[in-house]
Amino acid sequence: MKRMYCREIRESYVQEAEVAGWIHDIRNLGGIAFILLRDRTGILQLTLLKKPNKELFKHLTTLTRESVIRTKGKVQRSEKVMNGFEILPESAEVLSVAAVPLPLGVADKVESELDTRLDNRFLDLRKKEVRKIFYLRSLLLKSVRRTLENEEFIETHTPKIVAAATEGGTELFPFRYFEREAYLNQSPQLYKQILMSTGFDRVYEIGPAFRAEGHDTVRHLNEFTSIDIEMAFSNHHDVMDLLERVIVEGYETVRKEAPELMEGMNIPENVEAFPRITYTEALDIAKKKGLRIEWGEDLSMEALRLIAGESPDLYFITDWPDAIKPFYAMPGEDDRTCRSFDLMYREKEVTSGAQRVHDYELLKKRIADRGLDIEDFGFYLNAFKYGMPPHAGWGLGAERWVMTVAGLENIREAVLFPRDMHRLVP
RNA sequence: GCCCCGGUAGUGUAGUGGCCUAUCAUCCUGGCCUGUCGAGCCAGGGACUCGAGUUCAAAUCUCGGCCGGGGCGCCA
């Protein structure tokens, strides 16, 4: 007999079935007992009577919660059960006995702290609402791939072991690579740009990025998943348009393909384009609200909160001061801004991107101007010497996006096994 | 990197010098119960982060270690 899922039992009118899963809860009333069996599709009730089979009754009702069993029996339709169906087990096999006490309650009525949950993530993930975050994440990524593939992007994989810093600034994790020192890559930036000189024209990569920053906040991780794209023969507005399509399509996908995930999620309706305000305009909003801030300064959390108060949930801040953005951002018409943008969700930065510098001499100059060593960037600069088209791109933080959609307070909840300053296991 | 805060049963908490033999819920163990669905009832079990100090007396005050949380900066 083929094992069926709990949900299938409800949906198909079979007379007899075999199910398997974890014991969610046991309610023993003496002569009758109810065992709630959980699998990835939901919970199904097993109903046991003591009279006909005393031994099976005792065997199953004395098991510990979260033990794994497989059982076979008659399917009974009953209005007394929440889901309308129950199974009357005729035989059962205990596949794995769970030890007691559990370090974290799965069916308990008390919430655990995030740290306890992460320490026991395998148990934490047995909870439906926790797994829901990862079904959402998976679906959003699937949607991103589909949107990009439809627009003729190809999926690429660039090295995570690298020789030098991508952009300066953020700190890298060094390690020993044979006889030399190497680093974990902080971003596919330089490699995806190199690919623009090849004629692929449109590339994307969904992969890990590593940053050794000693920050300790609810929106930072030392290992995160970056959704990166780079597109040749395009400018910053072209890739902002693309980003809008990617995000909106993500929402549509959830709405259409997984309505069961919608509850409690922040999925805006009827959104097509996100407003694009310039850094200068954003700064004016903050100033008008009484914040003392000078043109050229980065927008502080306080400033961003003020700006978010005057904006819809999703909006772009464009044309940033050149001095506070990386060397590869294309300077604007004036000589103080650059063609870079951030996509904001309220006060949170979700994506940053730009049109890039594609002129070899200008790029060289900009690297040097930022005090970086030209020698370190030789492998990158080479690709600009022999025919490099104009191009633009962005990096969307997968966890940041999931966080905004699922309404998570802490980015760690958007990762199965998060890495932060204090956490290296599990 | 800077600044604030916390650590009490498996989980989550109450307790601000003596009323603590430490509260409550959940949990675990045993018992009763043939329709539970946050099952109920009865009995039992289980904890003050570590070290030093102050004091007649420390979960409670002081110092240090360890572990953790939050904010800012920076970023995705």
Side-chain angles (χ1 to χ4, degrees), chain A residues 24-36 43-52 57 61-62 64-66 76 78-84 86 88 98-120 123-124 166-171 186-189 206-228 297-305 324-326 342-345 348-353 394-404 409-412 414-415 420-423:
Chain A
H24 188 73
D25 201 7
I26 298 174
R27 303 198 185 107
N28 186 351
L29 275 65
I32 189 170
F34 306 100
I35 295 178
L36 304 185
I43 290 174
L44 186 74
Q45 177 166 294
L46 311 177
T47 300
L48 288 158
L49 286 168
K50 195 183 218 167
K51 238 194 217 159
F57 186 92
T61 54
T62 53
T64 52
R65 292 215 274 193
E66 297 305 317
Q76 190 171 72
S78 169
E79 284 179 11
K80 296 177 201 156
V81 194
M82 195 197 293
N83 293 322
E86 61 190 351
L88 310 174
V100 287
L102 296 167
L104 177 78
V106 177
D108 286 25
K109 292 152 203 158
V110 290
E111 288 290 312
S112 302
E113 285 195 354
L114 185 57
D115 200 49
T116 308
R117 292 174 44 204
L118 293 176
D119 281 342
N120 302 285
L123 277 173
D124 187 46
T166 309
E167 320 171 17
T170 49
E171 289 169 61
Q186 67 192 33
S187 152
Q189 183 63 33
I206 298 175
F210 306 91
R211 306 221 172 142
E213 291 157 354
H215 40 41
D216 200 357
T217 81
V218 292
R219 60 189 179 281
H220 288 92
L221 292 163
N222 293 295
E223 177 179 5
F224 67 94
T225 304
S226 183
I227 304 167
D228 269 273
E297 279 180 52
D298 205 349
L299 300 175
S300 63
M301 212 51 189
E302 197 184 357
L304 289 171
R305 286 204 179 96
I324 58 171
K325 288 290 176 183
D342 285 356
L343 176 66
M344 309 298 299
Y345 182 88
K348 289 192 197 81
E349 182 183 336
V350 175
T351 306
S352 76
W394 43 252
L396 164 63
E399 291 81 10
R400 291 253 175 114
W401 189 24
V402 170
M403 219 180 149
T404 65
E409 299 273 303
N410 195 315
I411 197 164
R412 279 157 254 237
V415 187
D420 63 36
M421 265 175 92
H422 309 288
R423 185 172 288 282

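Per chain, numbering begins at 1; letters A, B, ... match sequence-line order.
Residues Val415(A) and Leu221(A) come closest through the heavy atom pair CG2-CD1, 3.4 Å.
Note that the CD1 atom of Ile324(A) and the CD atom of Glu297(A) stand 9.0 Å from one another [nearest 0.5 Å]. Rounding to the nearest 0.5 angstrom, the gap separating the CD atom in Gln76(A) from the CD atom in Glu86(A) is 5.0 Å. How far CG of Asp115(A) is from NE2 of His422(A): 9.5 Å, rounded to the nearest 0.5 Å. One finds the CZ atom of Phe57(A) at 8.5 Å from the CD1 atom of Ile35(A) (value rounded to the nearest 0.5 Å).
A59(B) and A9(B): their C1' atoms are spaced 14 Å apart (whole Å). Taking atom C1' in both G46(B) and U23(B), one finds a spacing of 15 Å when rounded to whole Å. The gap from the C1' atom of A22(B) to that of G35(B) amounts to 40 Å, rounded to the nearest Å. U60(B) sits 14 Å from U21(B) when the P atoms are compared, rounded to a whole Å. With both ends at atom P, the span from G53(B) to U13(B) equals 32 Å, rounded to whole Å. Taking the C1' atoms as reference points, C27(B) lies 14 Å from A47(B), given to the whole Å. Across the P atoms, U11(B) and C2(B) are found 32 Å apart, a figure rounded to whole Å. Of the C1' atoms belonging to U29(B) and C20(B), the separation is 26 Å, rounded to the nearest Å.
Put simply, the side chain of Phe34(A) does not reach to within 4.5 Å of the side chain of Asp25(A), judged on heavy atoms. Contact check for Arg400(A) versus His220(A): side-chain heavy atoms found under the 4.5 Å cut-off. Between Met344(A) and Glu349(A) the shortest side-chain heavy-atom distance falls below 4.5 Å. Between Arg423(A) and Asn222(A), the closest side-chain pair of non-hydrogen atoms is not below 4.5 Å. Taking 4.5 Å as the limit, some side-chain heavy atom of Ile32(A) sits within range of a side-chain heavy atom of Thr47(A).
For RNA chain B, runs of at least 3 consecutive pairs of the Watson-Crick or G-U wobble type, with both hydrogen-bonding distances under 3.5 angstrom, map to B:1-7 with B:66-72, B:10-12 with B:24-26, B:27-32 with B:40-45, B:49-53 with B:61-65.
In this structure, Ile411(A) and Leu104(A) both approach RNA chain B, and ranking their closest nucleotides by distance from the 5' end singles out Leu104(A). Nearest-nucleotide positions on RNA chain B place Val81(A) closer to the 5' end than the other of Val81(A) and Met301(A).
For Ser78(A), whose side chain is taken as the heavy atoms from C-beta onward, the closest listed nucleotide among C75(B), G35(B), U34(B) is G35(B). Candidate nucleotides U34(B), A76(B), C28(B) were compared by shortest atom distance to the side chain of Val100(A), and C28(B) ranks first. When distances run from any side-chain atom of Pro103(A) to the nucleotides G69(B), U36(B), G10(B), the shortest one goes to G10(B). If you check U26(B), G35(B), U34(B) against the side chain of Val110(A), the one that comes closest is U26(B).
Between Met344(A) atom CE and C75(B) atom C1' the separation is 11 Å, expressed in whole Å. In this structure, the CE atom of Met82(A) is 13 Å from the C1' atom of G35(B), given to the nearest Å. Here the C1' atom of nucleotide U8(B) and the CD atom of Glu113(A) are 13 Å apart, to the nearest Å. Spacing between atom CZ of Phe57(A) and atom P of U34(B) amounts to 9 Å, rounded to whole angstrom units. Taking atom CG on Leu102(A) and atom P on U29(B), their separation rounds to 10 Å, with Å as the unit. Here the P atom of nucleotide C37(B) and the CD atom of Glu79(A) are 18 Å apart, to the nearest Å. The CG atom of Asp115(A) sits 14 Å away from the C1' atom of G12(B) (whole-angstrom rounding). Protein atom CG of Asn222(A) is 18 Å distant from nucleotide atom P of C74(B), rounded to whole Å.
The shortest distance between the side-chain N/O atoms of Asn410(A) and the OP1/OP2 oxygens of G70(B) is below 4.0 Å. In terms of phosphate contacts, Arg219(A) brings a side-chain nitrogen or oxygen within less than 4.0 Å of OP1 or OP2 of C72(B). In terms of phosphate contacts, Arg305(A) brings a side-chain nitrogen or oxygen within less than 4.0 Å of OP1 or OP2 of C72(B). Of the side-chain N and O atoms in Arg211(A), none sit less than 4.0 angstrom from OP1 or OP2 of C74(B). Side-chain N/O atoms of His220(A) include none lying less than 4.0 angstrom from OP1 or OP2 on C75(B). An OP1 or OP2 oxygen of A76(B) is reached within less than 4.0 angstrom by no side-chain nitrogen or oxygen of Thr351(A). For Thr116(A), a side-chain nitrogen or oxygen approaches OP1 or OP2 of G12(B) to under 4.0 Å.
Using a 4.0 Å heavy-atom distance criterion, Asp298(A) is classed as a sugar-phosphate-only contact. Residue contacts shown for Lys348(A) are absent, as no nucleic acid heavy atom lies under 4.0 Å away. Across all strands shown, Thr225(A) has no heavy atoms under 4.0 Å from either base or sugar-phosphate atoms. Contact annotation for Ser112(A): backbone-only contact, meaning every heavy-atom pair under 4.0 Å involves sugar-phosphate atoms and none involves a base. As judged by a 4.0 angstrom heavy-atom cut-off over every strand, Leu114(A) is placed among residues making no nucleic acid contact.
Stacking annotation: Phe224(A) is stacked on the base of A76(B) (ring centroids less than 5.5 angstrom apart, interplanar angle below 30 degrees).
At a cut-off of 3.5 angstrom, the base of U36(B) holds at least one donor-acceptor pair with the side chain of Gln45(A). Looking at Glu86(A), its side chain comes within 3.5 Å of the base of G35(B) through a donor and an acceptor atom. You won't find any donor-acceptor pair under 3.5 Å spanning the side chain of Asp108(A) and the base of G38(B), going by distance alone. Donor-acceptor pairing under 3.5 Å, judged by distance alone, is absent between the side chain of Arg65(A) and the base of C28(B).
Side-chain atoms of Asp108(A) never come within 3.5 Å of backbone atoms of Val110(A) as a donor-acceptor pair (strictly under, hydrogens ignored).
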